Amino acid sequence: MIKYTMQDKVQILRTTTRTLQRWRTTKPELYAIIEAGFRLYEMIESEEEITKDIKNILKESLKNK
């Protein structure tokens with residue numbers, strides 16, 4: 001599962017750590033939207049990995065029959 005660090009986030013957003021921290025206090029709605037976006041992306045990536053694993057398990061079990 002992908003877990004974004006603060007450094008990852010600022011690099012993706014093309015901003016600075018200071019700016020992102022300032023948004024947390026001065027623009028809490030914006031910061032919440034940004035965090036929700038990163039969490040959603042993490043969830044999608046995790047779900048894709050799990051789905052791939054399940055497909056492989058099923059393919060392997062069907063090969064043996």
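These numbers come from a predicted model, not from an experiment.
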Do the charged groups of E49 and K52 touch, with an N to O distance under 4.0 Å? no
Rounded to the nearest 0.5 angstrom, the CD1-CD1 distance for I12 and I34 is 11.5 Å
How long is the gap from CZ on R39 to CD on E42, to the nearest 0.5 Å? 6.5 Å
Rounded to the nearest 0.5 Å, what separation is found between the CG atom of L30 and the CG atom of L20? 8.5 Å
CG-CD distance between L62 and E60, expressed to the nearest 0.5 angstrom: 9.5 Å
One should read off an interatomic distance between T51 OG1 and N56 CG, to the nearest 0.5 angstrom, of 11.0 Å
What distance separates M6 CE from T16 OG1, expressed to the nearest 0.5 Å? 10.0 Å
Heavy-atom neighbours of E47 CD exceed 12 at 6.0 Å: no
Would the distance check show the side chain of D53 and the main-chain N or O of I50 forming a donor-acceptor pair, the cut-off being under 3.5 Å? no
Sole residue of Q21, R22, R24 in side-chain contact (heavy atoms from CB on, under 4.5 Å) with Y31: R24
Atom CD of residue position Q11 - does it have more than 12 heavy atoms of other residues, nucleotides or ligands inside 6.0 Å? no
Ring pair (Phe, Tyr, Trp, His ring centres under 6.0 Å) against Y4, all qualifying residues, sequence neighbours excluded: F38
